[in-house]
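Heads up: the structure comes next, in structure tokens.
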Amino acid sequence: MNTPPPSVDRPLIRLEEIYFAYEPARPVLTGCNLVLWPGERVGLIGPTGSGKTTLLHLIVGLLRPSSGRIEIFGKLRAKEHDFLSVRRQVGLLFQEADDQLLFPTVAEDVAFGPLNLGKPKDQVRQLVRETLAGLGLAGYENRITYRLSGGEKRLVALAGLLAMQPQILLLDEPFAGLDEQTAHRVLHILARLPQTLLVVSHHRDWLRQIATRTVRLQEGKLLDE
């Protein structure tokens, strides 16, 4: 689990002995360890309620552990300020696409992240067009987000992340609620992305097609599959 690929000497993400509980009497993570190396595509499985989403939220600083060490890009991350730069390079796809779509039109939604990073408007418009085309959504710029199908919403949410050109993608159940045809479309897209991936899914067969390794979250700890 912790063996680096050849010529890589530092992980992108290192979690050490992470403990977390929403309520003191009900711990979620109990000494969880994770190392994610550049270029890896890791599948994350586990029972419902085991803490998979919690783990992703801890990585981007939406939650804080009660104890343990979070190191991302070689730096210790503990306070809100520490995670600001992390969120520029680590894209989190929420389990529910509606939670991620904030603007009336597709173009506005996909453009939000790059504009927030300070990219020029002309460059952002081109980036939006190219990103949507790459996901099979050419011509969707003026579509109304709340009128899209579930699969289209999932792809637009992914487009918003990719437009920020992150180094790492954390994908929380990217196939959930999709029909088989759309799920296979998403699977094909993920298989050709260049980013390092951490993908939460209950679909083992699909994970095998995109993951270089799979880990299981069980009783608060990560185990190799």
Side-chain angles (χ1 to χ4, degrees), residues 1 11-22 27-38 40-73 75-80 82-102 113 153-154 157-162 164 166-178 186 190 193 195-204 206-207 210-225:
M1 178 176 174
L12 296 176
I13 295 174
R14 185 191 297 275
L15 306 183
E16 295 181 343
E17 291 298 308
I18 298 297
Y19 284 77
F20 179 86
Y22 292 100
V28 178
L29 302 178
T30 56
C32 184
N33 295 285
L34 171 69
V35 178
L36 185 65
W37 298 93
E40 279 199 304
R41 308 164 73 83
V42 177
L44 174 56
I45 62 174
T48 299
S50 60
K52 301 182 298 296
T53 295
T54 297
L55 187 66
L56 300 189
H57 288 191
L58 285 164
I59 291 172
V60 294
L62 298 180
L63 297 172
R64 299 285 192 277
S66 55
S67 66
R69 178 184 178 90
I70 298 177
E71 186 180 294
I72 304 178
F73 304 129
K75 295 182 179 180
L76 181 64
R77 312 288 176 166
K79 301 177 181 179
E80 172 63 18
D82 300 330
F83 287 95
L84 297 180
S85 61
V86 170
R87 294 173 195 144
R88 292 171 174 260
Q89 289 296 318
V90 181
L92 171 61
L93 183 71
F94 292 125
Q95 191 171 139
E96 298 293 337
D98 285 326
D99 294 339
Q100 202 141 11
L101 302 179
L102 305 174
K153 288 179 179 179
R154 186 64 52 90
L158 180 59
L161 295 182
L162 295 179
M164 295 181 68
Q167 192 171 349
I168 304 170
L169 286 172
L170 310 177
L171 308 177
D172 194 356
E173 295 288 357
F175 312 112
L178 303 183
V186 171
L190 297 183
L193 289 178
Q195 282 89 354
T196 298
L197 302 180
L198 179 57
V199 185
V200 171
S201 180
H202 290 289
H203 297 277
R204 288 173 175 266
W206 292 347
L207 282 179
I210 57 174
T212 54
R213 64 182 173 96
T214 302
V215 294
R216 165 181 282 275
L217 187 55
Q218 184 173 326
E219 296 181 354
K221 293 180 170 60
L222 277 176
L223 307 172
D224 287 316
E225 273 288 293

Do the side chains of [Y] and [X] get nearer than 4.5 Å, heavy atoms only?
X	Y	value
I45	S201	no
K153	L101	yes
L29	P65	no
F175	L190	yes
L34	E16	no
L36	V42	yes
L170	L93	no
P166	V90	no

How many angstroms lie between [atom1] in [X] and [atom2] in [Y], if you round to the nearest 0.5 Å?
X	Y	atom1	atom2	answer
L169	L92	CG	CG	9.5 Å
L198	L171	CG	CG	8.0 Å
F20	C32	CZ	SG	12.5 Å
L44	L56	CG	CG	6.5 Å

- Partners meeting ring-ring contact (aromatic ring centres under 6.0 Å, His included) with F83 (sequence neighbours left out): none
Is a side-chain N or O of [X] found less than 3.5 angstrom from the main chain of [Y], in a donor-acceptor match?
X	Y	answer
E40	W37	yes
K52	G46	yes
R69	L76	no
R64	G61	yes
R41	L193	yes

- Task: Output yes when E71 and R77 qualify as a salt bridge under the 4.0 Å nitrogen-oxygen rule, no when they do not.
- Result: no
- Item | Pair R154 + E96, salt bridge at N-O below 4.0 Å | no
Of all the heavy-atom pairs spanning [X] and [Y], show the shortest one and how long it is.
X	Y	result
Q100	L161	NE2-CD2, 3.5 Å
P38	P11	CD-CA, 4.3 Å
L178	P174	CD1-O, 3.4 Å
V35	R14	CG2-NH1, 3.9 Å

- Message: Using side chain to side chain contact (heavy atoms under 4.5 Å, CB included), reason through L12 and Q167 one step at a time and then give a plain yes or no.
- Response: CA-CA 9 Å; L12 296 176; Q167 192 171 349; 3.3 Å; yes
- Can you list the steps and then say if V199 with L207 is a side chain to side chain contact (heavy atoms under 4.5 Å, CB included)? CA-CA 8 Å; V199 185; L207 282 179; 3.8 Å; yes
Could you tabulate the donor-acceptor pairs under 3.5 Å formed by side-chain atoms of residues 214-223, not counting sequence neighbours?
unit_1: R216; atom_1: NE; unit_2: E225; atom_2: OE2; d: 3.3
unit_1: K221; atom_1: NZ; unit_2: T30; atom_2: O; d: 2.6

- Plane angle bin for H203 and W206 - parallel if under 30°, tilted between 30 and 60°, otherwise perpendicular: parallel
- Derivation and outcome, side chain to side chain contact (heavy atoms under 4.5 Å, CB included), residues T53 and V200: CA-CA 8 Å; T53 295; V200 171; 5.6 Å; no
- All pairs passing salt bridge (Lys or Arg N to Asp or Glu O under 4.0 Å) where residues 166-176 contributes a residue, at least two apart: none
- What do the steps show when you test I18 against I70 for side chain to side chain contact (heavy atoms under 4.5 Å, CB included), and what is the final call? CA-CA 8 Å; I18 298 297; I70 298 177; 3.7 Å; yes
